[in-house]
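If you're wondering where the values come from, they're calculated on a predicted model, not measured in any experiment.
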Amino acid sequence: MAEGDKICGTVEKLIYQSNDSWYSVCDVCTDDNKSITVVGTMPYISVGEAIEAVGSWVTNKDYGRQFKVESYKKSLPKQKNSILRYLSSGAIKGIGAKIAQKIVSQYGEESFDVIANHPDWLVQINGISRKKAYEISNDFREKADVRELMTMSGGAITPNVAAKISKHWGRNALGIIKENPYILCSDNYGISFKRVDEIAFGLGITSDNEYRIDSGIKYALRVFASRDGHTYVKKDVLVDAVSKLLGIEPSKITAYLDNSDGIKGVSQMLIKNVPSVVLNSLYFAEMNIAKKLLQLNRGAVSFGDANVEYMVAELEGITGIKYASLQKKAIFEAVTNGVTVLTGGPGTGKTTVVRALLQIFGRLGVSCALCAPTGRAAKRMSEATQNEAKTIHRLLEVSTGNEYTTEPRFLRDQSNPLDEEVIIVDEASMIDVPLANSLVMAIKAGARLVLIGDVNQLPSVGEGNVLNDIISSECFTTVCLNEIFRQSKNSGIVVNAHKINNGIAPDLNEKFDDFFFVQRDDEQIPAYIAELCKSRLPKKYGITDGIQVITPTKKGGCGTQSLNFTLQAELNPQSPYKLEHTAGISRTFRVDDRIMQTKNNYNVEWHTETELGVSRGLGVFNGDIGKIIEINKTEQEISIDFAGRQVEYTFSDLDEIDLSYAITVHKSQGSEYPIVIIPISRGCPPMLLTRNLIYTAITRAEKLAILVGDKDVFYKMVENNQRVNRNTNLESFLKR
């Protein structure tokens with residue numbers, strides 16, 4: 001057995017196995033009766049299995065000589081004693097040592113065949129009911145399929161994804177993926193194109209394979225949509241990107257686009273007289289949004305002789321509020337029109353308008369629904385108006401979707417529209433094309449839609465530029481509030497945000513109670529921020545949970561990854577009294593950690609305890625912030641509380657969460673926090689040093705904004721009004 005060659009043997013002992021990365025350490029008895037330690041990524045390896053592994057010898061300073069696996073094959077044991085050891089190891093759910101002994105005693109070397117294909121025979125064994133027999137059989141067969149998929153992919157497919165694939169495609173899953181592994185890089189499975197390429201090349205698929213080109217085109221379109229917000233891509237730009245992704249000539253990409261019978265879900269067309277390529281789902285979503293908005297604007301039910309001016313004057317007398325002329329205009333237009341847009345920066349009285357609208361619509365006997373894209377924005381809207389506000393997902397009644405797709409399913413849609421006659425949406429700049437389409441299609445004919453947002457913030461994280469396109473079309477009445485009201489004129493947050501928005505650099509020496517700039521070099525920023533969070537701010541203001549670090553970037557010394565590591569160590573350090581779990585190589589989650597959901601999960605179940613009992617629901621969404629309340633090593637679960645909604649995550653689902661002591665500005669959209677700390681670093685990528693980014697960050701602060709870093713970088717951000725243009729169709733559809 002030469003170094004770097006092959007070993008063959010039987011797994012004698014499983015020393016360690018990670019449920020996240022499937023890194024395993026086991027003792028193997030080789031065919032020539034030598035005992036060696038084998039290490040590497042080996043999904044579902046179990047005692048008693050025969051293994052054939054290729055790799056190299058390494059020396060561990062603590063454990064000595066080991067065989068490091070690069071690739072391997074394994075098979076179920078064939079001898080009775082080995083079968084007994086395998087079944088006794090707990091590899092199959094429902095089979096322990098006693099049941100294993102009974103099965104092997106009765107069926108011997110046919111035990112695996114009986115478990116897989118004849119579960120009824122297991123009922124003959126004392127202690128196994130019919131129900132348990134089928135549970136054992138299903139677990140055995142599912143794990144066999146999952147194991148094959150994971151082994152075939154070299155660990156690129158996680159157990160969770162492998163189980164999803166197996167359930168979706170059934171016993172044909174392995175054959176389907178071997179024929180076309182590129183189905184794995186769809187949004188449904190979340191595996192990168194690069195990793196799928198590795199699987200495909202291992203299966204002998206060539207670089208110019210049609211499945212590969214087809215998938216590369218779709219993958220690039222999705223990246224342009226999710227990363228850059230484009231709902232269409234110019235053909236030459238797409239061809240160049242796909243050529244670089246696949247490493248093949250652009251002419252082959254062009255030929256495939258032009259000569260194929262059509263790529264499912266993709267179309268070519270002239271957009272603004274330029275050859276372009278679209279994902280059909282986004283193209284038709286923008287078309288539907290435009291059509292429905294125009295219908296709503298034309299078809300709003302009249303309130304007859306309602307005297308809006310009189311009702312506003314009456315409200316002024318009751319509330320003691322003197323509405324500004326633009327606020328009165330906004331109220332009048334929202335009551336009169338089918339679709340109205342209200343924009344304005346902080347302190348300009350948008351919430352005052354909403355409260356007035358609720359009172360007027362109430363007097364008219366008109367039902368209203370308040371909603372926002374995120375949970376925190378909806379909660380803030382509820383508190384400000386003293387009326388219930390829901391997330392858009394909750395308003396539309398998100399339901400258990402197809403588990404094989406990332407798209408949500410809503411119970412409220414065109415065939416089952418919302419009951420309310422007025423829909424008021426806050427933080428509308430955050431709404432992307434798919435969500436906007438779902439929302440407008442669920443609004444009944446004759447109802448009104450009021451969109452409220454700040455167009456100077458960052459655009460939506462997802463596809464499109466919905467609010468800006470609606471305003472730019474000039475098809476709907478838009479009221480822009482621009483007067484800062486008296487109660488906000490002494491706020492440094494409000495005053496400086498408006499200055500920044502107008503391209504005026506704030507005087508950082510001016511004294512405010514709620515806005516501070518602290519000059520620090522890049523290498524000093526993390527430690528200073530940790531000190532602020534741990535001692536200075538809690539001591540002065542008496543709060544800890546309300547402090548949020550918001551940074552432009554994920555990477556670098558002042559990015560979320562580094563800052564979360566630093567802040568976790570300071571704010572929630574390792575303790576013998578707190579359980580923790582390390583996911584993968586370096587991400588450690590600990591009881592009491594603050595975490596954030598990083599992707600929409602429409603199917604996850606949550607529960608909350610109230611005085612009336614336990615209520616249940618579905619869905620945790622990108623940007624939701626929670627706290628780890630329990631880690632259960634036995635059940636391999638982490639329990640997280642999202643503002644009263646408790647969710648259990650298995651260890652294999654932890655790719656959906658991350659620490660949130662520090663979050664990016666993009667992830668902070670739609671939220672406000674009592675205290676916001678913003679690092680301003682020279683190491684930040686230039687593309688992120690923009691005016692609308694720093695404006696968005698500062699306006700996330702309710703009571704206090706602290707900027708820490710370099711003044712020159714801050715001034716450059718204020719000067720830089722560059723915005724990334726998004727290729728979208730909504731404005732054009734509205735103008736037709």
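When only modelled atom types and interatomic distance are considered, E421 and S367 share a side-chain donor-acceptor pair under 3.5 Å. Side-chain contact, T690 with Q722: no donor N or O sits under 3.5 Å from an acceptor N or O. A side-chain donor-acceptor contact under 3.5 Å links T477 and N337. Of the N and O atoms on the side chains of K667 and N622, at least one donor lies less than 3.5 Å from an acceptor on the other residue. Using modelled atom types and a 3.5 Å distance limit, the side chains of Q669 and R376 yield no donor-acceptor pair. A donor-acceptor pair shorter than 3.5 Å can be found between the side chains of N280 and S267. The closest side-chain donor-acceptor pair between Q597 and Y649 falls under 3.5 angstrom.
The two residues V494 and G347 make their nearest non-hydrogen contact at CG1-CA, 4.3 Å. In plain terms, the two heavy atoms of G670 and A377 that are nearest each other are O-CB, 2.9 Å. The two atoms that bring I470 and S473 nearest to each other are O-OG, 2.7 Å, heavy atoms only. In plain terms, the two heavy atoms of P552 and L688 that are nearest each other are O-CD1, 3.4 Å. In terms of heavy-atom proximity, C371 sits nearest to I392 at SG-CG1, 4.0 Å. Of all the heavy atoms in I550 and S668, the pair that sits closest is CD1-CB, 3.8 Å.
Residue Q414 places its CD atom among 12 or fewer non-hydrogen atoms of other residues, nucleotides or ligands, all under 6.0 Å distant. Heavy-atom neighbours of K390 NZ from other residues, nucleotides or ligands within 6.0 Å: above the threshold of 12. In this structure, K322 places its NZ atom where only 12 or fewer heavy-atom neighbours from other residues, nucleotides or ligands lie under 6.0 Å away. Summarising the local packing, CD of E609 is surrounded by 12 or fewer heavy atoms from other residues, nucleotides or ligands at distances under 6.0 Å.
In this structure, the separation between CD1 on I629 and CD1 on I640 is 9.0 Å, given to the nearest 0.5 Å. Rounding to the nearest 0.5 Å places CZ of R355 at 6.0 Å from CD1 of I321. Rounded to the nearest 0.5 Å, atoms CG (N288) and NZ (K292) are 10.0 Å apart. With rounding to the nearest 0.5 angstrom, the OH atom of Y695 is 12.0 Å from the CG atom of N496. The distance from the CG atom of L357 to the OG1 atom of T385 is 11.5 Å, given to the nearest 0.5 Å. Distance check: I452 CD1 to L342 CG gives 5.5 Å after rounding to the nearest 0.5 Å.
Taking 4.5 Å as the limit, every side-chain heavy atom of K328 sits out of range of all side-chain heavy atoms of F332. Contact of the V425 side chain with the I431 side chain is registered, since non-hydrogen atoms from C-beta on lie closer than 4.5 Å. Residues F589 and I638 form a side-chain contact, since some pair of their non-hydrogen atoms from C-beta on lies under 4.5 Å apart. Between L358 and L370 there is a side-chain heavy-atom pair separated by less than 4.5 Å. Residues T728 and E286 form a side-chain contact, since some pair of their non-hydrogen atoms from C-beta on lies under 4.5 Å apart. Looking at L396 and L418, their side chains come closer than 4.5 Å, going by heavy atoms from C-beta outward. The closest side-chain heavy-atom distance from L537 to I677 is below 4.5 Å. S429 has its side chain out of reach of V455: every pair of non-hydrogen atoms, C-beta onward, lies at least 4.5 Å apart.
By the 6.0 Å and 45° rule, R448 stacks over the aromatic ring of F303. Geometric assessment of R227 against the ring of F224 yields a positive cation-pi assignment under the 6.0 Å and 45° thresholds.
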Next item on the list: Would you please test V676 and I706 for side chain to side chain contact (heavy atoms under 4.5 Å, CB included) and show each step?
Entry: CA-CA 6 Å; V676 166; I706 303 174; over 6 Å; no
Check: V549 and N564: side chain to side chain contact (heavy atoms under 4.5 Å, CB included), yes or no, with the steps?
Finding: CA-CA 9 Å; V549 178; N564 272 320; over 6 Å; no
Next item on the list: Dump the intermediate steps for salt bridge (Lys or Arg N to Asp or Glu O under 4.0 Å) on R594 and D545, then the final yes or no.
Entry: CA-CA 9 Å; R594 289 183 60 191; D545 288 342; over 6 Å; no
Next item on the list: Report the C-alpha separation of D514 and S491 in whole Å, then their side-chain angles, then the decisive distance to 0.1 Å, and conclude whether the side-chain hydrogen bond (donor to acceptor under 3.5 Å, both in side chains) test is met.
Entry: CA-CA 7 Å; D514 63 349; S491 166; 2.7 Å; yes
Item checked: Verdict with reasoning, Y541 to I547, per side chain to side chain contact (heavy atoms under 4.5 Å, CB included) -> CA-CA 10 Å; Y541 296 97; I547 302 170; over 6 Å; no
Margin query: Walk me through whether R380 and E672 qualify under salt bridge (Lys or Arg N to Asp or Glu O under 4.0 Å).
Written below: CA-CA 8 Å; R380 194 173 71 249; E672 284 187 356; 3.6 Å; yes
Next item on the list: Decide side chain to side chain contact (heavy atoms under 4.5 Å, CB included) for T343 and L481; before the verdict, give the C-alpha distance in whole Å, the side-chain angles of both, and the deciding distance to 0.1 Å.
Entry: CA-CA 6 Å; T343 73; L481 303 180; over 6 Å; no
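Between the side chain of N297 and the backbone N or O of L293, no donor-acceptor pair lies under 3.5 Å. Remark: the backbone N or O of T551 is not paired with any side-chain donor or acceptor of T664 at under 3.5 angstrom. A donor-acceptor pair under 3.5 Å is absent between the side-chain atoms of E605 and the main chain of V647, judged by distance alone. Listed for the Q548 side chain is a donor-acceptor partner under 3.5 Å among the backbone atoms of Y661. Panel note: side chain T478, backbone E474; no donor-acceptor pair is recorded below 3.5 Å. Between the side chain of N501 and the backbone N or O of K499 there is no donor-acceptor pair closer than 3.5 Å. Not a single donor-acceptor pair under 3.5 Å links the side chain of H498 to the backbone N or O of E483. T608 contributes no side-chain N or O that, together with a main-chain N or O of R645, makes up a donor-acceptor pair within less than 3.5 Å. At distances below 3.5 Å, at least one donor-acceptor pair connects side-chain atoms of K444 with backbone N or O atoms of D419. For the pair D228 (side chain) and A225 (backbone), a donor-acceptor distance under 3.5 Å is absent.
Screening L282, L279, L730 against T231 for a side-chain contact (heavy atoms from CB on, under 4.5 Å) leaves a single residue, L282.
Salt bridge status for E388 with R394: present, with a side-chain N to carboxylate O gap under 4.0 Å. Using a 4.0 Å cut-off between a side-chain N of Lys or Arg and a carboxylate O of Asp or Glu, K599 and E656 do not qualify as a salt bridge. Salt bridge present: E397 and R412 bring a charged side-chain N and a carboxylate O closer than 4.0 Å. At a threshold of 4.0 Å, the pair R726-D469 does not count as salt-bridged, since none of the basic side-chain nitrogens sits closer than that to a carboxylate oxygen.
A distance below 6.0 Å separates the ring centres of F733 and Y283.
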